[in-house]
Amino acid sequence: MPGTKLLIARVDLSEQIASRLRAEQLTAVMRLFWAGTLSSFCNSLVFLFSSIEEDAFLAVLTWAIVVWSLLGLIALRQWRRRSISQRGPSNSRRGVQHLIFYAIALGVAWAALPFLFFAHASLGGRLLIACLTTGMLGGGVFMLASVPAAAVAFSGPIAIGALFVLLRVGDTQHVLIAVVLIGYLAVLLLGAFNYEKELKTLIATQIASEQKASASAKNLGAMADVTAALAHELSQPLSAATAHVQTAERLSRVPAEERSLPIEVPLRDAVTQLDNLRQVIAHLRNSIEGRLPEKQLLHLHKVIRSVLETNQHRCEQLNIEIEASLTAQNDAVVANPVQMRQLFSNLISNAFDAMENSAERRLTISSSAVEDNAIRIDVADSGVGISPAVKTKLFEPLVTTKAQGLGVGLSIIHSIVKEHRGQIWIEPNPGGGAVFALILPVTSLDERDEAV
Ligand code: ADP
């Protein structure tokens, strides 16, 4: 369902933006964190010193200790947070929540100041609290600008405390100061919200360009895979056709009566290979256009024999002994003929490669019935055996131990077998070498006569 896919992608994107935004917001706050903590500490210290001679000194000291404890707690949390290396989305969400909590606690502590000490203050005292408040508001909102919720949590209580003292007097002058204070805070918070909005847009743009870059990197990777598979599939019939034409050319230089075989034989084989090539290309075109490979009823033994025949030339060159024991009673499968050829061509060609340097060169292909509904084919060689380095990832693409290898043959085989609801695995050959065993479902005995 394409609609569902799209929805999931959108949810992911907005969560991605939100998570990156939180991380950026926290980083921005943390850049000013120590300066903000220090200024809060100095402000409380100045207030404490200015009240040394006053009766309320002990109360001020108690208040200052509360503020310092809060600052200490925040600093400790911050220090611990820095030592945690993992900064996942849940971590940044918790970080923002803690920040808001501490902002409100600190805001309330500062808001208590006018209530506790300036409720009945003189004009000078009220002006002092107005100045102190504007300073705290400016500094606090500046530090927390990237997290507007924390800026509101911190500045809200402080503004309420200051307004309480100023409006208590009730004369025009103090009401005016209160109005200016509200306007000042509104401008500060507006700036904070705008800053957050810009940050969000910036992050969304950044994520979009990152996704674009990673999509084109993936496309390039996919293109490399397709090119490798293409080169692999075309090279086998092409080199076989070349070999047959070379044989025909050699024969043409020998008088007709001395030829080891009629010149028509290699020429016919070359035509067969070129026809295979045409079929592989047609098949590739179908897959690129998204068409499912057409399946038909066919005899697997016939496919194997035909592949062995087309590999005859290389077999003779390498002096390989072939033993085909195709004895399964039912070999009729519903399969795509090109893919079946590809499957056995790849297995046989790999077996030949593996035996190139072996003293004994024997390829055994056998078939047997698996209950009533499947056929098992074993392709066993006496080659070098599977290298332990690639054993566990043999069917993955681009895995090869050969200098000229592309490492796509077995991954293609694996997907063909899967597409035909079969299984494939490897076993060591008891006498040395490897056995590729595969099982494919067969049709019912009544239908098999229709197979080609
Ligand atoms: P390529 O033949 O291009 O290397 P494949 O996917 O066909 O790609 O094979 C991957 C690897 O599997 C080979 O490089 C080889 O190491 C190993 N392999 C495949 N078939 C055999 C075999 N019959 N005997 C030993 N090793 C094999």
Side-chain angles (χ1 to χ4, degrees), residues 221-240 242-243 276-277 280 283-284 287 303-304 307-308 310-315 317-325 338-367 376-420 422-439:
M223 259 176 72
D225 286 356
V226 170
T227 315
L230 200 69
H232 184 269
E233 291 317 303
L234 301 186
S235 70
Q236 270 183 7
L238 250 185
S239 41
T242 312
N276 286 341
L277 191 64
V280 169
H283 175 73
L284 281 169
S287 357
V303 177
I304 297 171
V307 174
L308 282 174
T310 50
N311 280 281
Q312 191 58 35
H313 182 77
R314 193 166 170 221
C315 178
Q317 267 185 338
L318 291 172
N319 205 13
I320 291 170
E321 191 187 322
I322 293 187
E323 195 183 316
S325 166
V338 180
Q339 287 184 319
M340 284 301 116
R341 275 196 71 86
Q342 270 179 314
L343 195 163
F344 290 106
S345 292
N346 284 341
L347 285 181
I348 291 169
S349 158
N350 273 345
F352 283 2
D353 291 346
M355 290 188 285
E356 254 177 1
N357 298 316
S358 303
E360 193 202 340
R361 299 176 189 179
R362 176 197 291 268
L363 176 75
T364 312
I365 304 188
S366 54
S367 74
R376 172 176 169 154
I377 311 275
D378 283 9
V379 180
D381 64 62
S382 58
V384 283
I386 304 294
S387 146
V390 293
K391 205 168 186 165
T392 52
K393 46 185 180 177
L394 213 59
F395 293 105
E396 288 172 24
L398 308 181
V399 171
T400 184
T401 53
K402 301 174 193 167
Q404 305 295 324
L406 291 169
V408 289
L410 287 180
S411 75
I412 291 173
I413 288 176
H414 191 248
S415 44
I416 292 176
V417 172
K418 249 176 62 188
E419 211 179 303
H420 289 80
Q423 292 169 44
I424 184 162
W425 69 97
I426 37 164
E427 288 173 4
N429 196 352
V435 181
F436 280 80
L438 68 106
I439 288 182

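One-based numbering, in listed order, for ligands and for the atoms of each.
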#### Entry: Geometric N/O contact Phe436 with ligand 1, under 3.5 angstrom
no
### Message
Counting C-beta onward and ignoring hydrogens, is there a side-chain heavy-atom pair between Leu363 and Leu308 closer than 4.5 Å?
### Response
yes
### Query
atom 6 (O) of ligand 1: which protein heavy atom is closest, and how many Å away?
Leu410 N, 2.8 Å
### Message
As an exercise, identify every atom of ligand 1 less than 4.0 angstrom from a heavy atom of Gly405.
### Response
3 (O)
### Query
Counting only N and O atoms by type, is there a donor-acceptor contact under 3.5 Å from the side chain of Asn429 to the main-chain atoms of Val435?
no
### Query
Given Ile386, Asn350, Val435, which has its nearest heavy atom closest to atom 27 (C) of ligand 1?
Ile386
### Message
Just so I know, are the side chains of Asn276 and Arg341 near enough to count as touching, which here means a heavy-atom distance under 4.5 Å?
### Response
yes
### Task
Give the numbers and elements of all ligand 1 atoms closer than 4.0 Å to a heavy atom of Val408.
6 (O), 8 (O)
### Query
So which heavy atom on Met355 is nearest to which on Arg361, and how close?
O-NE, 3.3 Å
### Query
Of all the atoms in ligand 1, which lie at a distance below 4.0 Å from a heavy atom belonging to Val399?
10 (C), 11 (C)
### Heavy-atom pair with the smallest gap, counting every atom of Thr310 and Ala240
O-CB, 4.4 Å
### Ser349: which of Leu347, Asp353, Asn346 passes side-chain contact (heavy atoms from CB on, under 4.5 Å)
Asp353
### Task
Determine the minimum heavy-atom distance between Asp378 and Ala437, stating which atoms define it.
OD1-CB, 3.5 Å
### Message
Looking only at protein heavy atoms, which one is nearest to atom 23 (N) of ligand 1, and what is the separation?
### Response
Asp381 OD2, 2.9 Å
### Query
Which atoms from ligand 1 have a heavy atom of Leu394 less than 4.0 Å away?
12 (O), 17 (C)
### Message
Which heavy atom of Ile416 sits nearest to which heavy atom of Gln339, and what is that distance?
### Response
CD1-O, 3.5 Å
### Summary
Among non-hydrogen protein atoms, atom 25 (C) of ligand 1 lies closest to Gly385 O, 3.4 Å
#### Entry: Non-hydrogen atom of Asn346 closer than 4.0 Å to ligand 1
no
### Closest to atom 24 (N) of ligand 1 (judged by heavy-atom distance), picking from Ala380, Ser411, Ala354, Ser235
Ala354
### Query
What's the shortest heavy-atom distance between Leu234 and Leu277, and which atoms?
O-CD1, 3.7 Å
### Query
To the nearest 0.1 Å, how far is atom 2 (O) of ligand 1 from its closest protein heavy atom, and which atom is that?
Lys402 NZ, 2.7 Å
### Query
To the nearest 0.1 Å, how far is atom 15 (C) of ligand 1 from its closest protein heavy atom, and which atom is that?
Thr401 OG1, 3.4 Å
### Protein residue, atom and distance nearest to atom 4 (O) of ligand 1, heavy-atom basis
Thr400 OG1, 2.5 Å
### Query
For ligand 1, is Ser387 a contact, meaning one of its heavy atoms is under 4.0 Å away?
no
### Message
Under 4.0 Å from a heavy atom of Gly407: which atoms of ligand 1 are those, numbered in the order shown and with their elements?
### Response
1 (P), 3 (O), 4 (O), 6 (O), 8 (O)
### Query
Which pair of heavy atoms, one from Ser358 and one from Gly383, lies closest together, and at what distance?
OG-CA, 3.5 Å
